[in-house]
Amino acid sequence: MLLKHTPKEIKERNALTINPAKTCQPIGAMYAALGIHGCLPHSHGSQGCCSYHRSALTRHYKEPVMAGTSSFTEGASVFGGQANLIQAINNIFTVYNPDIIAIHTTCLSETIGDDVNQIVGKAVEENKVPEGKRIMYCSTPSYIGSHVTGFSNMVEGIIREFPVSTGTKNRKINIIPGWVEPSDMREIKALAKTMGVEIIMFPDTSDVMDAPQTGTHEFYPRGGTTIAQLEAAGDAKYTLALGKYCSEAGAIALENKCGIKFKTLDLPIGISATDRFISTLSNIAGIPVPQSITDERGRLVDMITDMQQYLYCKKVALWGDPDQLIALTEFLLDLDAKPAFVVSGTPGKYFMERMEQLLGKDMGGAKVQNGSCADMFLMHQWIKNEGCDLLLGNTYGKYIARDENIPFVRMGFPIYDRVGHSYFPTVGYKGAMYMLEKILGVLMDKQDADSSEEAFELVM
Amino acid sequence: MNDILKDRALQIATRTGNEEVNIDCSKASLAGSVSQRACVFCGSRVVLFPIVDALHLIHGPVGCAVYTWDIRGTVSSGPELHRQSFSTDLREKHVIFGGEKKLYTTLTSLIDKHNPKAAFVYSTCIVGVIGDDVEAICRKVEKEKHIPVIPVNSAGFKGSKKDGYKAACDALAQLIGTSDEPAPEFSINILGDFNLAGELWLLEEYYRKMGVNILARITGDGRIDDIRKAHKAQLNVVQCAGSMIHLAKDMEEKYGIPFKRVSYFGVEDMSQALYEVAEFFGSSHMMEKTRELVSEELSKLLPVLEKYRERLEGKKAVIYVGGAFKAVSLIKALRLLGIQTVVVGSQTGKKEDYEIMGRLCDPGTILVDDSNPLELAKFARETGADIFIGGVKERPIAFKMGLGFCDHNHERKEALAGYVGMENFARELYASVLSPVWQFAGMKEKAL
């Protein structure tokens, strides 16, 4: 009983966060920056932040994660971090020679009021930025939003720095994929390729955070969106932002900067959301959906029809990041399962509105909460009171899964204790099939484990 | 790419002959360096984390609590409260108007809910800047709730991980001496073992056989009530000296308790630790028991090690760990397995530590302080290393390069201390270095 401290009675809390379902902004900014080719993320703050973010990303992806830090000291926190940042920029270009440095702030540098824009200007003035090298940056105060906000902020930073409108459109379509796995980004690219749609996707962590074993440690793996692609994004004919929380701010910034129209879609997780993604892409590009994709969809639908009796009315608890939760909720509804408890530590009104759209008035009886007291403690209390059949979320659910003996499928960030998320997508029809296979697997394992000898079945 | 930051040159040395190694360590990392080091908060948090019946509340934005939520495999024989993550989750308004009220509410409601034996309140960077009077809140709550409520002065920017160790020791010092229960004869405190994978329990078993009583475990599987009476022990046995030496010195000064620096890694150091404790108590009976214990353990262990040694002989290792004392033990333990250390470094080593390492290593060994992935990969390549011993951030680098790996940090899954630990260590190295996967690795280079 690891969580024996969780009482059943739910009391109103206003100060306390227990076992949070979110983390702080900078790690999101770091992950987004890793999806740009030849880019070294840089954390403008104390050493610990950078170390924690690198460790957390390494635990999740099982990959080396490179990032620099301004190594704040007592002096820097009193007199400002300018000297540290300028020295860092100089050292990084001299020693690590990236094409781009992606600077994000921390709660410390934000609170003491460092102005990164001004400091970067000064670094350029002092010739610390070699010819052809670039710096992008964003503000990521840890006390606002969550890791999701940090990701979105870095996407905006990318757009401030790179896309240029030359006046000649290139007919490409920009895709901002949101905070998804390298496997998902790979799948989105594959879908577009199958359709024959030329896209520019950023960030793109495939071949960075799922790099092959080659016998050498590549400081800058071969993946990631290149500067040339990012610049060309300014001439694209359209932008698709996948996930309101992670991607829309970037699409808006790009519209303002280069006049590119955009549409925000839910993450293409599950059947309905993938349908909307594929048909939007097909409409914008003016290219019909190829038979192979229609067939893939057909196989997914076939799989659902075959297994519907095992899915009907299954009560599901899910937690994690809003973009994922919205898409997963819709997928579960399409499967005839019942999203019963939904928790996201990331604040924001849109989440509740969209969930109500999906679940119906008063959330259709489901318990949904987001923001600061929406944590794993609350989730556990709900489950203790009403029970459920399936847990769907990041690794932090494993305590509840063990204590309450509930089947658990890992999904989202972070996943510290299983592999697969880097390699098998959850987006697209194929992703939906992978996910469905996992969900059915744990539900049916549980049925096998719990059934009496006479009810134990060979054929299911 | 330039491989080494110019200003770091003095933090690296190659042992050439018999001269003393001189390393310019204990200095702050250069800004911009991809350092493997962490901050003050991290240092305090890892040291105090294993106290299982205390409430650990992190005052700051949510990140610092999330990244330290149940990340140490430090196991408890009882309460599990330390594995929960509690944060004041400071938001923008608190940064502007102060977080004292939120700290007070959070702290009191958590104490009511969990009835802990004590509470530690960790300051993070931002608290150091917005100027919350954490100390005053702690005093107030202590009076109201009648348990020790101890502020940990751990704002991240106030130094490196080492300074965090010191802050943790200061916090512990406030607890020690607050209970006057007498201790039995032959009582020691164990300092600096964190009961990773149950290592402390192995040691307990050894000490029990010797007739030594363990009064306080500081901090692995630690209990507040034991720590409060730790000043009644006759001896402090200090492992992981980097983190605990401050406390040992403080207790020597305040209570006249002598201390011994030991290491439980490797056969030599493990045995020496037990002998030193027996010698300290001057009991011939205890010494006899210790000899019996050591010889019994060795007679079981050595034949097993011999089998591993046959296959590992001549392999080369890179060691990069947090504390330098551990690195010293590892050099010796590896040598017992026929493995040569070709690169050795630490995040927080002191000048004396590097001198000891220098004396232990063969000529040609590279010694490095506060290294980074680029350097480590370069050294491993140049020295033709086969094995890397490090922590979470080094593991994937080693694997990408095709080196075997052993986690000698928080994420070790098996006990590496004691005699059993030495066997586990040998097996882990053996399994990783000689894994069949390496025949498939780096195919591009092999021009398939």
Side-chain angles (χ1 to χ4, degrees), chain A residues 2 5 15-20 22-24 26-27 42 45-49 51-52 54-56 58-59 62-64 66-74 76-77 84-85 87-92 94-97 106-108 111-112 141-144 211 213-219 372, chain B residues 1-2 4-5 28-42 60-63 65-67 69 80-81 83-87 89-92 94-95 102 105-106 109-110 114 125-126 128-130 156-158 160 373-374 377 392-393 396-397 399-402 441-442 444-445:
Chain A
L2 276 162
H5 311 285
L16 187 56
T17 304
I18 308 167
N19 299 344
K22 63 168 175 180
T23 182
C24 63
I27 194 169
H42 180 83
S46 299
Q47 264 183 336
C49 307
S51 173
Y52 281 142
R54 287 174 59 208
S55 296
T58 289
R59 289 185 175 112
K62 316 260 182 262
E63 289 290 315
M66 298 300 128
T69 161
S70 293
S71 304
F72 265 49
T73 55
E74 190 119 42
S77 72
N84 287 52
L85 187 51
Q87 192 200 9
I89 290 170
N90 187 38
N91 280 335
I92 288 173
T94 312
V95 182
Y96 303 111
N97 194 28
T106 56
C107 49
L108 177 58
T111 307
I112 63 173
S142 319
Y143 43 78
I144 298 174
Q213 206 282 349
T214 58
T216 34
H217 164 230
E218 304 287 347
F219 207 84
S372 68
Chain B
M1 217 185 286
N2 291 313
I4 303 214
L5 286 160
S29 304
L30 283 179
S33 162
V34 182
S35 169
Q36 308 294 75
R37 276 183 181 168
C39 62
V40 179
F41 167 72
C42 179
V62 78
V66 175
Y67 303 120
W69 178 4
E80 301 269 4
L81 189 56
R83 300 182 68 174
Q84 307 269 309
S85 179
F86 301 111
S87 167
D89 191 9
L90 291 185
R91 312 303 295 170
E92 193 168 20
H94 306 112
V95 174
K102 188 154 192 200
T105 325
T106 309
S109 59
L110 278 173
H114 295 291
C125 283
I126 208 158
V129 176
I130 63 177
F157 59 83
K158 291 197 167 164
S160 78
L374 200 58
V392 54
K393 292 196 291 288
I397 298 173
F399 285 159
K400 281 284 189 278
M401 295 179 69
K444 204 169 69 185
E445 278 68 18

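Of the two parts of A/Ser55, the backbone and the side chain both hold a non-hydrogen atom closer than 4.5 Å to a non-hydrogen atom of chain B. For A/Ala67, the part lying near chain B is the backbone, with the side chain staying farther off; criterion is any non-hydrogen pair under 4.5 Å. For A/Ala76, no part sits under 4.5 Å from any heavy atom of chain B, backbone or side chain. For A/Thr23, the parts sitting under 4.5 Å from any heavy atom of chain B are the backbone and the side chain alike.
Note that OG of A/Ser46 and CD1 of B/Ile126 are 10.5 Å apart. Values are rounded to the nearest 0.5 Å. In this structure, B/Phe157 CZ and A/Cys49 SG are separated by 11.5 Å, a value rounded to the nearest 0.5 Å.
Ranked by heavy-atom pairs shorter than 4.5 Å toward chain A, the options B/Val95, B/Ile130, B/Val129, B/Leu110 are led by B/Val95. Taking chain A as the reference chain and counting heavy-atom pairs below 4.5 Å, the highest number among B/Gly402, B/Ser160, B/Gly128, B/Pro373 is found for B/Pro373. Most heavy-atom pairs under 4.5 Å with chain A, from the set B/Ala65, B/Ala38, B/Pro61: that is B/Ala38. No other option in A/Thr58, A/Thr69, A/Asn84 has as many heavy-atom pairs under 4.5 Å with chain B as A/Thr69.
Contact check for A/Ser71 versus B/Arg37: no side-chain heavy atoms found under the 4.5 Å cut-off. By the 4.5 Å heavy-atom criterion applied to side chains, A/Lys62 and B/Pro396 are not counted as neighbours. Taking 4.5 Å as the limit, some side-chain heavy atom of A/Met66 sits within range of a side-chain heavy atom of B/Ile397.
Ring geometry for B/Tyr67 against A/Tyr52 counts as parallel: the plane angle stays under 30°, on a 0 to 90° scale with 60° as the upper cut.
Scanning both residues, A/Tyr96 and B/Val34, for their nearest heavy atoms gives OH-N, 3.0 Å. Across all non-hydrogen atoms, the minimal contact from A/Gln213 to B/Met401 is NE2-C, 4.2 Å.
Without hydrogens or angle criteria, A/Asn91 side chain to B/Ser33 main chain gives no donor-acceptor distance under 3.5 Å. Under the 3.5 Å distance criterion, the side-chain polar atoms of A/Gln87 are left unmatched by any main-chain donor or acceptor of B/Leu30.
Evaluation of the salt bridge (charged side-chain N to carboxylate O under 4.0 Å, His left out) rule for B/Lys400 yields A/Glu63 as partners, not counting sequence neighbours. Here A/Ile144 pairs with A/Gln25, A/Pro141, B/Glu92 under the side-chain contact (heavy atoms from CB on, under 4.5 Å) rule; sequence neighbours left out.
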* Carefully, step by step, assess B/Cys42 and A/Gln47 under the rule side chain to side chain contact (heavy atoms under 4.5 Å, CB included). => CA-CA 10 Å; B/Cys42 179; A/Gln47 264 183 336; over 6 Å; no
